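First up is the structure itself, then whatever we jot down about it.
Scope of the values below: all heavy atoms of this structure, side chains included, with no hydrogens, waters or symmetry mates. Throughout, protein chains are lettered first and strands after them, A, B, ... in sequence-line order, and every chain is numbered starting at 1. Every value quoted in this text rests on a predicted model; they were computed, and no experiment measured them.
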Amino acid sequence: MAIIQIKDTVKRYGSLLSVDHLNLDIREGEIFGLLGPNGAGKSTTINMLSGLLPIDKGDITVQGVSVASDPLKVKGMLGLVPQDLAIYEELTAIENVTFFARLYGLKGKLLQERVKEALAFVGLSDRSKDKPGSFSGGMKRRLNIACAITHRPKVIIMDEPTVGIDPQSRNHILESVKELNRLGSTIIYTTHYMEEVEAIGTRVGIIDKGRLIACGTKAELVERVSDEEKLVIDADGLTEEALGELELHPKVNKLLRTGSGLELYMGSSHAYLQDVLFILTKHNVKLQSITRVEPDLESLFLSLTGKTLRD
Amino acid sequence: MLAMIYYDLLQLFRSKQIWFTLFVLPIALIFILGSALANDFEGQNKDISSAKLSVYIGDNNPLTEALQAFLSDDSLPLKVSYAKNEAEVRSSLQSKRADFGILLPSGKEAASDSGSQLKLHTLLGKNAIQNIVAQTVLQQFVEGLNVHATIQSLEAAPLANGGQAMQAAAGSGTASEFSAATAAIDKPEAAEASEARSRMEHIVETSVTSNLGQFRAVEYYTAAMMVMFLMYSGMMAGVDLLKEKTNKTLYRIKAMPVPGSAILLAKVGSTLVITAIQVVVVLAVSRIFYDVTFGGQWLQVALLCLLISLFSIALSLLLSLLMSSSKSLQTAFHCIIVFMTFVSGGFVAGVGGVITDIAKYTPAYWAKDGMLELVLQGSYAGIGTHYLWLAVMALIVAAVLAGIYKKEGFR
């Protein structure tokens with residue numbers, strides 16, 4: 001069942017079409033990874049969903065409530081973790097979390113409990129009375145998350161929450177995301193780090209130039225590029241004849257010459273590995289190593305857009 | 001909204017700069033300016049030393065005899081020297097050899113100036129206190145003549161007209177050089193003209209700031225500094241909002257179930273709390289240490305402070321919607337405050353002319369003048385005008401702010 005429905009949504013900035021008739025359903029209880037390069041329209045989509053930007057055309061609903069017609073109600077159901085740190089340097093960690101919790105309407109004993117819970121969740125209980133100025137980048141990121149989860153929102157939107165932090169903090173945040181999901185929140189996670197989405201996302205949407213170009217589970221998406229398997233061959237004595245014959249093989253889609261060998265892009269490479277070895281042996285090529293690389297989301301993105309995510 | 005106000009205040013009170021700017025600086029400036037410029041205000045409380053008078057008397061002036069007789073009185077606090085011509089009087093004043101000058105033109109010169117009207121010109125020197133001394137003594141002379149003129153009026157009506165005119169002219173005392181019509185001797189029509197002229201001089205519009213002798217320097221600067229620093233406090237609302245924009249907390253708050261208008265109102269609320277504390281502190285310190293009481297009309301003072309604060313808060317929030325950085329807002333606002341404070345006489349008392357005309361378009365003028373009216377126990381009608389102007393100015397800025405916010409939001 002879709003908790004969020006984005007219906008034929010359009011957003012323009014002057015003549016620039018930032019979101020182009022976007023349609024997307026996000027199911028309750030999933031971690032939905034929204035992938036796309038910079039300027040693809042991810043943040044604009046998030047801002048429209050959060051009620052921060054007016055929608056030019058179409059509609060977005062959260063649990064059936066339209067963002068356009070009742071933005072405050074929708075905002076109460078969401079928890080936004082902004083891409084940039086949005087905390088007060090002059091307030092302590094506990095004051096930061098308490099302040100934002102109060103804006104979500106929490107009061108009294110419940111407020112105190114939830115604040116403690118949120119700080120414990122992100123591992124900052126013992127630093128709760130310190131100001132963020134004394135925190136590392138990763139700790140500030142975790143505080144940034146704590147400020148968005150005290151009211152136990154139905155949907156948590158995390159806009160590139162791991163930008164610019166060390167691997168240890170990144171792992172902590174990714175684990176936190178999975179834990180929040182286990183506790184019942186639907187997560188929308190935007191990033192341009194493919195490996196993060198692959199690690200935590202139950203479904204992935206790939207967005208480019210404001211349009212959704214692919215959507216599904218990782219397995220479903222990878223299946224679409226199953227003929228994009230790659231054989232990385234390191235060999236001596238590669239001749240033009242050998243390369244010509246490999247290129248003529250019906251399952252080889254693309255052949256790239258590298259410094260000490262070649263890369264072969266072909267479908268079902270495991271089934272046709274014998275053919276490749278036969279051709280190389282026939283032309284007296286001395287094989288050093290051969291590696292089979294399975295397609296991933298990066299391959300899919302490359303295949304769909306002709307560019308990498310970080311272009 | 002209360003949470004936003006509370007946490008705003010928490011952050012503000014943790015800033016040493018805020019403490020210094022809002023509480024220490026105004027009190028220090030009131031003390032420094034009040035002490036340093038006390039001489040310009042408190043002439044009537046000082047020991048009177050003799051004023052050096054430079055007098056030029058032209059030929060055949062009917063007042064020559066009377067003036068010389070008057071000035072020869074040793075009991076007067078005057079040291080009189082007679083100049084050969086008008087230029088010598090002016091030169092003595094310039095070089096401070098004299099404190100005050102009197103010009104009594106020849107009968108011929110006076111007649112060519114204004115028909116048959118005779119004039120007594122006075123020239124102010126550079127020492128405000130000695131000016132007051134000389135003017136006060138000279139007024140005795142003028143009043144003596146009036147008595148004489150009144151007696152003569154029983155015999156000749158034209159002389160009486162001149163006497164009234166002279167009295168009226170002597171009563172104004174706001175110009176640096178004033179003329180006192182002494183007598184209209186020959187022609188009745190000349191006497192009428194003289195009377196009309198005198199009335200005009202008497203009806204010269206005055207503001208409380210031109211009557212510097214009526215309140216103490218510390219009272220004047222308490223009012224001026226209070227207004228200036230309340231405007232600085234108001235600026236914090238806009239600066240704070242822009243800082244929230246810069247550190248992205250505004251973005252986060254806007255994604256929460258909080259109406260945008262509540263964010264603006266919270267900024268107004270927290271700034272008003274700060275200004276209220278500031279007003280109480282400054283008034284208490286100036287009451288306890290400098291005995292500034294504003295005539296005991298504290299509620300009226302509070303209302304003036306509220307209105308100037310609301311104007312300033314609305315203006316700073318308006319600028320925060322139009323500008324992108326808190327530094328540019330601070331620079332612009334600083335220029336506005338300094339300009340308003342200067343033209344309204346907040347730095348240098350007694351500015352007049354065109355500058356005062358310009359000042360009347362600024363809320364700083366009406367707020368400071370209103371407070372000084374309270375010091376002088378001014379009429380309710382007079383002070384009411386100040387409230388009205390301040391309220392109108394604050395409402396205009398607030399209306400523009402509301403219009404831009406409705407159209408553009410926080411941008």
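Contacts between A/Asn96 and chain B at a heavy-atom distance below 4.5 Å are absent for every atom of the residue. Contact annotation for A/Lys107: neither backbone nor side-chain heavy atoms come within less than 4.5 Å of a heavy atom of chain B.
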Do B/Val227 and B/Thr341 pass the side-chain contact (heavy atoms from CB on, under 4.5 Å) test, and can you show the C-alpha distance, the side-chain angles, and the key distance before you say yes or no?
CA-CA 8 Å; B/Val227 170; B/Thr341 308; over 6 Å; no
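For the set B/Ser15, B/Ala262, B/Ala255, the entry with the most heavy-atom pairs within less than 4.5 Å of chain A is B/Ala255. Between chain B and the options A/Gly51, A/Pro71, A/Gly105, A/Cys147, heavy-atom pairs under 4.5 Å are most frequent for A/Cys147.
Within residues 76-94 of chain A, the residues having any heavy atom under 4.5 Å from a heavy atom of chain B are, by residue number, A/Gly76, A/Leu80, A/Val81, A/Pro82, A/Asp84, A/Leu85, A/Ala86, A/Ile87, A/Tyr88, A/Glu90, A/Leu91, A/Thr92.
Less than 6.0 angstrom separates the ring centroid of B/His334 from the ring centroid of B/Tyr232. Not less than 6.0 angstrom separates the ring centroid of B/Tyr387 from the ring centroid of B/Trp366.
Side-chain contact, A/Glu196 with A/Tyr189: a donor N or O sits under 3.5 Å from an acceptor N or O.
Electrostatic pairing of B/Arg14 and A/Glu95 counts as a salt bridge here, judged by a charged N lying under 4.0 Å from a carboxylate O.
In this structure, the side chains of A/Leu34 and A/Phe32 come closer than 4.5 Å at one or more pairs of heavy atoms. Looking at heavy atoms from C-beta onward, B/Tyr405 lies in side-chain contact with B/Leu321 at the 4.5 angstrom threshold.
Annotation: cation-pi geometry not satisfied between A/Arg127 and A/Phe135 (NZ/CZ under 6.0 angstrom from ring centroid, within 45° of ring axis).
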